[in-house]
Protein chains: 4
Amino acid sequence: MQSRHPASRTGRPRSAAADTAILAATRQALVDLGWSKLTLSDVAVRAGVAKTTLYRRWAGKNELVVDAVAELFDELTLPDRGSLAADIEGVVLQFAAILARPEARSGLMAVVAEATRDEALRERIRASIVDRQKRLVIAGRTRAQERGELPPETDAERSARAVDLIFDMVAGSVVHRTLVSNQPADEEWVHGLTRVLLSGLAASAR
Amino acid sequence: MQSRHPASRTGRPRSAAADTAILAATRQALVDLGWSKLTLSDVAVRAGVAKTTLYRRWAGKNELVVDAVAELFDELTLPDRGSLAADIEGVVLQFAAILARPEARSGLMAVVAEATRDEALRERIRASIVDRQKRLVIAGRTRAQERGELPPETDAERSARAVDLIFDMVAGSVVHRTLVSNQPADEEWVHGLTRVLLSGLAASAR
Amino acid sequence: MQSRHPASRTGRPRSAAADTAILAATRQALVDLGWSKLTLSDVAVRAGVAKTTLYRRWAGKNELVVDAVAELFDELTLPDRGSLAADIEGVVLQFAAILARPEARSGLMAVVAEATRDEALRERIRASIVDRQKRLVIAGRTRAQERGELPPETDAERSARAVDLIFDMVAGSVVHRTLVSNQPADEEWVHGLTRVLLSGLAASAR
Amino acid sequence: MQSRHPASRTGRPRSAAADTAILAATRQALVDLGWSKLTLSDVAVRAGVAKTTLYRRWAGKNELVVDAVAELFDELTLPDRGSLAADIEGVVLQFAAILARPEARSGLMAVVAEATRDEALRERIRASIVDRQKRLVIAGRTRAQERGELPPETDAERSARAVDLIFDMVAGSVVHRTLVSNQPADEEWVHGLTRVLLSGLAASAR
DNA sequence: GTATAAACGAGACGGTACGTCCAGTCTTGGA
DNA sequence: TCCAAGACTGGACGTACCGTCTCGTTTATAC
């Protein structure tokens with residue numbers, strides 16, 4: 001990830017270690033306290049950093065938590081498992097594994113809730129978290145087209161709509177299963193989801 | 001809905017009007033301020049009620065907001081539109097319309113986020129909000145079976161799993177579309193969702 | 001002294017004990033820390049009172065310190081020592097004794113310094129502290145006139161000017177001796193001051 | 001005035017202009033903000049100087065303000081006005097004129113207040129400000145003795161006591177008049193003060 | 001004329017207090 | 001017994017300065 005903060009030519013440079021410590025402390029505080037009881041004072045203490053340092057780098061709790069949670073999703077990959085269904089199952093399982101971690105559970109829904117009233121925050125979430133996952137969807141589809149599992153897409157607009165729908169269905173289903181229904185998104189469940197999704201897309205494309 | 005609070009034998013009875021006023025004030029505060037900036041003091045002022053009265057009836061902000069939001073979902077119905085697909089589209093559109101209202105957008109995600117760390121709250125949400133919708137899924141399936149669109153279900157456990165999956169897919173997709181992707185769940189989108197879902201279920205059931 | 005704060009018809013009444021505790025804590029903090037290092041947070045802790053309680057009753061540090069110091073001067077009296085010179089010496093020694101106490105030393109000069117830029121504070125000091133002492137000057141002169149040590153005053157304006165001059169000379173000399181020159185205003189010094197003052201006034205009146 | 005800071009053999013020498021700019025900026029900040037709201041950061045900005053430079057030269061706010069205010073008193077002189085009374089009136093009026101300036105009003109009392117708890121600061125004030133004025137008292141008395149207005153002093157200890165008393169009475173009265181009573185120390189008032197003082201000293205010396 | 005040593009500007013750092021706000025409790029008088 | 005009002009303790013908020021520190025840069029003298 002490129003540097004989060006603009007460089008300054010002069011003056012004492014910002015401590016890079018502080019960023020790391022703050023984000024780690026934020027995640028740990030999410031685990032220990034949850035979003036609503038997390039305070040920036042507490043994060044500062046945990047990170048061994050002054051409160052001012054924290055406010056110098058982030059505008060507030062929401063921005064901080066977005067960045068802290070976003071790092072969790074950096075580990076998502078799309079290994080080639082040989083088929084579209086297997087690829088999807090693989091990445092969904094990874095996604096579910098992240099959502100099962102308490103720092104993600106507590107933080108993600110809360111910032112999404114906050115974002116319902118804050119366009120800038122919504123944009124930050126989309127940029128930091130959502131769009132990165134959408135690239136996985138696109139990559140998966142491309143790979144499937146190369147394999148011949150999906151026909152090459154010609155209609156760009158229609159293609160974009162399909163990606164959006166798939167993305168909302170996959171991410172939404174997993175999030176709802178994990179965070180609302182509070183059930184594990186295990187292999188069996190993911191397998192069912194994938195089957196319904198792929199069958200439906202295939203049938204609906206005809 | 002049955003009375004929220006246990007009756008007391010003696011003394012001045014609680015004002016029923018206060019409950020109504022408080023919940024309405026809560027929803028309005030959600031619209032004006034969002035969940036995180038909503039304060040019980042403010043709700044008390046809006047409702048023309050003392051803070052004491054409010055604390056006498058609800059344990060805290062989360063419980064109050066759950067009750068206030070839950071009332072929004074009482075209006076969901078499942079009118080017979082003649083086909084399973086049409087029935088689903090109808091109820092999903094109703095659901096999406098509720099989620100488009102700011103008092104629901106702000107409140108619902110926030111309490112779900114809070115619930116990730118609070119079993120009692122999770123239970124309250126499930127009881128007050130989620131299970132009521134799940135009955136719509138079951139009713140829709142039953143009606144479709146009566147129409148012959150779906151085969152009668154024989155395996156109870158498998159049936160429950162299917163209902164859960166459908167429910168997570170429908171609710172999750174709509175929530176994600178509305179609150180995360182921040183796009184309207186309009187007729188066209190709902191139509192696409194329904195088609196993929198039903199095709200997929202039909203294909204996957206074979 | 002009349003009540004410092006306006007009464008409210010309704011709601012929980014303010015704790016009278018808190019006022020006492022806060023003013024005593026303020027004086028102790030002046031002793032321990034001095035004016036510039038005295039913080040309202042610290043006073044609140046010492047008084048066993050929440051910071052909000054303190055801010056509810058005083059506008060800020062200056063107002064609080066003025067009230068805390070003013071109470072010190074309530075104990076000034078003008079016992080009849082038989083002659084004008086003895087009366088003056090008596091009250092000046094009392095005044096010097098108060099100024100020798102660290103809570104007065106630290107606080108009084110500091111609020112006077114602050115008052116150079118704050119008309120309201122200046123008025124509060126004059127009302128709470130200065131005018132009370134001026135009455136001692138007037139009482140002393142009246143008693144001396146009754147004794148025949150001073151001629152009855154006929155010219156009101158001239159009289160006022162004389163009182164002001166005496167007051168500035170007495171108070172100013174003692175304060176300067178005590179706080180700037182940092183020497184004790186002991187009996188010998190006060191005796192010298194009184195002799196110069198009375199001789200001068202007598203000679204100058206001719 | 002001798003150099004405030006020790007010279008260093010090697011390296012870049014300290015900017016002399018910076019000292020001047022800092023002290024002037026301090027006085028202006030005293031005028032604009034008063035002592036308690038004056039911050040060293042602000043002074044640094046006003047002086048066009050980095051905070052480091054300021055801290056390299058002064059230990060803190062008190063020391064800086066003492067030096068800034070002390071410069072104001074360099075302009076006090078004792079021109080020969082022909083008589084002791086006239087000489088005293090002249091210097092007292094000069095003194096009062098300085099005290100009427102806001103940078104002196106705000107700063108002087110505040111550092112005196114601070115000095116009640118700081119022996120080193122007290123000494124710095126005495127050395128930088130007070131003793132310089134005391135020399136005026138001594139010079140005036142010497143001149144009066146040469147004129148024959150005062151008898152030659154023989155008893156050294158008694159003489160010192162008298163100087164101290166006069167000094168405290170003059171300086172204290174003017175300061176109290178100006179800063180506490182908040183009245184102008186104009187010619188009329190100074191005339192009255194001088195008459196009482198000289199008559200009293202003459203009578204008391206007999 | 002080039003090293004070198006200190007001062008310089010800029011600004012981040014860990015702290016501390018600010019004055020405000022809200023949570024949740026308690027105390028009054030009145031319905 | 002409930003109610004409205006409002007004071008209570010407690011604690012986080014986000015801001016402002018403190019006095020220190022770490023940079024890269026400038027500037028006189030000493031070699």
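Keep in mind that this is a model prediction, so the values were computed, not measured. Just so it is clear: chains get the letters A, B, ... in the order the sequence lines come, proteins before strands, and each one is counted from 1.
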Between [X] and [N], is there a contact of a side-chain N or O with OP1 or OP2 at under 4.0 Å?
| X | N | answer |
| --- | --- | --- |
| C:Thr10 | F:dA4 | no |
| C:Arg56 | F:dC8 | yes |
| C:Thr52 | F:dA7 | no |
| B:Arg57 | F:dC3 | yes |

Rounded to whole angstroms, how far apart are [atom1] on [X] and [atom2] on [N]?
| X | N | atom1 | atom2 | result |
| --- | --- | --- | --- | --- |
| C:Arg14 | F:dT9 | CZ | P | 12 Å |
| A:Leu64 | F:dC13 | CG | P | 11 Å |
| B:Trp58 | E:dG24 | CH2 | P | 15 Å |
| A:Leu54 | E:dA12 | CG | C1' | 14 Å |

### Query
Can you name the one residue among A:Arg46, A:Lys37, A:Arg27 that meets salt bridge (charged side-chain N to carboxylate O under 4.0 Å, His left out) with A:Asp32?
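Among the candidates, only A:Arg46 passes.
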### Query
Mapping A:Pro13 and B:Ala59 onto DNA chain E by nearest heavy atom, which one lands closer to the 5' end?
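Result: A:Pro13.
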### Query
Starting at the 5' end of DNA chain F and moving along, which residue's nearest nucleotide shows up first, C:Thr53 or B:Ala18?
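Going by which nucleotide is closer to the 5' end, it is B:Ala18.
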#### Entry: Residue mapping more 5' on DNA chain F - nearest nucleotide basis, A:Arg12 or B:Ala50
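So the residue in question is B:Ala50.
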### Task
Tell me what B:Lys51 touches on the nucleic acid: a base, only sugar-phosphate, or nothing, going by heavy atoms under 4.0 Å.
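Base contact.
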### Query
Which part of the nucleic acid does C:Gly48 contact within heavy-atom distance under 4.0 Å: base, sugar-phosphate only, or nothing?
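Counting heavy atoms under 4.0 Å across all strands, the contact made by C:Gly48 is with sugar-phosphate only.
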Atom pair [atom1] ([X]) and [atom2] ([Y]), whose distance is rounded to the nearest 0.5 Å:
| X | Y | atom1 | atom2 | result |
| --- | --- | --- | --- | --- |
| D:Asp67 | D:Asp19 | CG | CG | 8.5 Å |
| C:Ile22 | C:Thr53 | CD1 | OG1 | 6.5 Å |
| B:Glu103 | B:Leu38 | CD | CG | 12.5 Å |

### Query
Among residues 35-46 of chain C, which residues get a heavy atom nearer than 4.0 Å to DNA chain E?
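Residues of residues 35-46 of chain C that come under 4.0 Å of DNA chain E are, in numerical order, C:Thr39, C:Leu40, C:Ser41.
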### Query
Under the 3.5 angstrom rule, does the side chain of A:Lys61 hit a backbone N or O of A:Trp35 as a donor-acceptor pair?
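Here the side-chain-to-backbone pair exists.
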### Flag, side chain of C:Arg57 to backbone of C:Ala18, donor-acceptor distance under 3.5 Å
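Checking the backbone N and O of C:Ala18 against the side chain of C:Arg57, no donor-acceptor pair under 3.5 Å is found.
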### Task
Among the candidates F:dT9, E:dG19, F:dT15, find the nucleotide nearest to the side-chain atoms of A:Tyr55.
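Minimum distance to the A:Tyr55 side chain belongs to F:dT15.
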### Single hit among B:Val111, B:Leu30, B:Leu23, B:Ile125 for side-chain contact (heavy atoms from CB on, under 4.5 Å) with B:Val69
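The side-chain contact (heavy atoms from CB on, under 4.5 Å) with B:Val69 is passed solely by B:Leu30 among B:Val111, B:Leu30, B:Leu23, B:Ile125.
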